Asks: 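If you scroll down you'll find the structure; I have some questions about it.
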Amino acid sequence: MSDNPPAYPPPPPPSVPPPPPGYGMPPGYQGPTAPDYPQPYQYQPPQPYPGTGSAGIGGAAGLMSQFTGRAGWSCLIGVATIVAPFFFNFVFYVLALIGLLYGIQAIRRGQLIGGVVGIVLNAIGGLLTIFLLANR
């Protein structure tokens, strides 16, 4: 006697009996209505967004979002460190460093353009502060 059975056992009988021969749909039955969705894999031309063109408002809004939050503060501080010595005869000693930190934080938060502009403005303001301190 071997351990292997001679064949696999037959499958179990189905739980639902098959329909009788000649079975059809009831008379007048049309089936469910199809939804008003487009057919799958059917080409649809792209729909333009209203109010945007090649250089529309959408591009300007995307660029302006780069100068919000920490990036905006970094740029504002950079402009203040550049403008203050010329118009108010006053030098901010530490403000350029704070602006540099805000620029780095802006880059880390995904505002690359605003952060880089803020860092450049604060670097110019810091160099201007150092130059003006050396000439006093």
Side-chain angles (χ1 to χ4, degrees):
M1 182 163 175
S2 70
D3 292 335
N4 295 334
Y8 291 107
S15 61
V16 178
Y23 177 77
M25 300 303 282
Y29 179 76
Q30 295 178 353
T33 59
D36 293 334
Y37 303 125
Q39 295 297 322
Y41 306 112
Q42 182 180 6
Y43 174 75
Q44 296 176 356
Q47 301 293 325
Y49 294 107
T52 59
S54 61
I57 297 171
L63 186 61
M64 289 303 294
S65 70
Q66 290 287 313
F67 293 96
T68 59
R70 298 285 181 170
W73 279 107
S74 177
C75 293
L76 184 67
I77 290 171
V79 169
T81 57
I82 294 171
V83 170
F86 295 113
F87 288 108
F88 303 112
N89 200 16
F90 185 77
V91 176
F92 293 109
Y93 298 108
V94 185
L95 198 59
L97 294 176
I98 295 171
L100 282 171
L101 291 176
Y102 278 177
I104 292 169
Q105 287 177 353
I107 290 174
R108 293 181 68 180
R109 293 180 183 199
Q111 296 172 319
L112 180 67
I113 298 171
V116 169
V117 169
I119 288 174
V120 168
L121 288 173
N122 284 295
I124 292 171
L127 290 175
L128 184 64
T129 301
I130 291 171
F131 178 71
L132 290 176
L133 287 176
N135 288 334
R136 280 193 176 184

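Side chains are part of it too, since the values below use all heavy atoms of this structure and drop only hydrogens, waters and symmetry mates. This is a predicted model, so every value here is computed, not measured.
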Asks: Do Leu100 and Leu97 have side chains that get closer than 4.5 Å, going by heavy atoms?
Replies: yes
Asks: May I ask whether Leu127 and Val94 are part of the same hydrophobic cluster, defined by side-chain heavy atoms of I, L, V, M, F, W, Y residues being less than 4.5 angstrom apart, directly or through others?
Replies: no
Asks: Output all residues satisfying side chain to side chain contact (heavy atoms under 4.5 Å, CB included) with Leu76, sequence neighbours left out; order by chain, then residue number.
Replies: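 Partners of Leu76 by the side chain to side chain contact (heavy atoms under 4.5 Å, CB included) criterion, ordered by chain and then number, come out as Trp73.
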Asks: Let me confirm one number: the CZ-CD1 distance from Arg70 to Ile104, rounded to the nearest 0.5 Å.
Replies: 12.5 Å
Asks: If I compare all heavy atoms of Gly114 with all of Cys75, which pair ends up nearest, and what's the gap?
Replies: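 So the two residues come closest at O-SG, 3.7 Å.
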Asks: Check Val91, Leu95, Leu128 against Thr81 for a side chain to side chain contact (heavy atoms under 4.5 Å, CB included) and give me the one that passes.
Replies: Leu95
Asks: Quick one: CD on Gln66 to CD1 on Ile107, what's the gap to the nearest 0.5 Å?
Replies: 10.0 Å
Asks: Would you compute the distance between atom CD of Gln111 and atom OH of Tyr102 and round it to the nearest 0.5 angstrom?
Replies: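 That separation rounds to 13.5 Å.
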Asks: Please find the pair of heavy atoms, one from Ala106 and one from Gly115, that lie closest to each other, and give the distance.
Replies: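 Reported closest heavy-atom pair: CB-CA, 4.0 Å.
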Asks: Linking I/L/V/M/F/W/Y whenever any side-chain heavy atoms sit under 4.5 Å apart, do Val120 and Val83 land together?
Replies: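 Looking at the clustering, Val83 is in the same group as Val120.
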Asks: Among residues at least two apart in sequence or on other chains, which ones pass side-chain hydrogen bond (donor to acceptor under 3.5 Å, both in side chains) with Ser65?
Replies: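 By the side-chain hydrogen bond (donor to acceptor under 3.5 Å, both in side chains) rule, Ser65 matches no residue at all.
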Asks: Using a 4.5 Å cut-off on heavy atoms from C-beta on, say whether the side chain of Leu121 contacts that of Ile82.
Replies: yes
Asks: Working to the nearest 0.5 Å, report the span between OG1 of Thr129 and CG of Leu132.
Replies: 6.5 Å
Asks: Any side-chain heavy atom of Phe92 within less than 4.5 Å of one from Ile77?
Replies: no
Asks: Which heavy atom of Gly99 sits nearest a heavy atom of Ser74, and at what distance?
Replies: O-OG, 2.9 Å
Asks: Flag yes if Leu63 and Val117 sit in one hydrophobic cluster, no otherwise; membership is Ile, Leu, Val, Met, Phe, Trp, Tyr, and two members link when side-chain heavy atoms are under 4.5 Å apart.
Replies: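 Hydrophobic grouping puts Leu63 with Val117.
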Asks: To the nearest 0.5 Å, tell me how far Ile124 CD1 sits from Phe131 CZ.
Replies: 14.5 Å
Asks: Treat each ILVMFWY residue as a node, draw an edge where side-chain heavy atoms are under 4.5 Å apart, and state whether Tyr93 and Ile130 are in one component.
Replies: no
Asks: Which atom names give the shortest non-hydrogen contact between Pro85 and Ala80, and what distance separates them?
Replies: CD-O, 4.4 Å
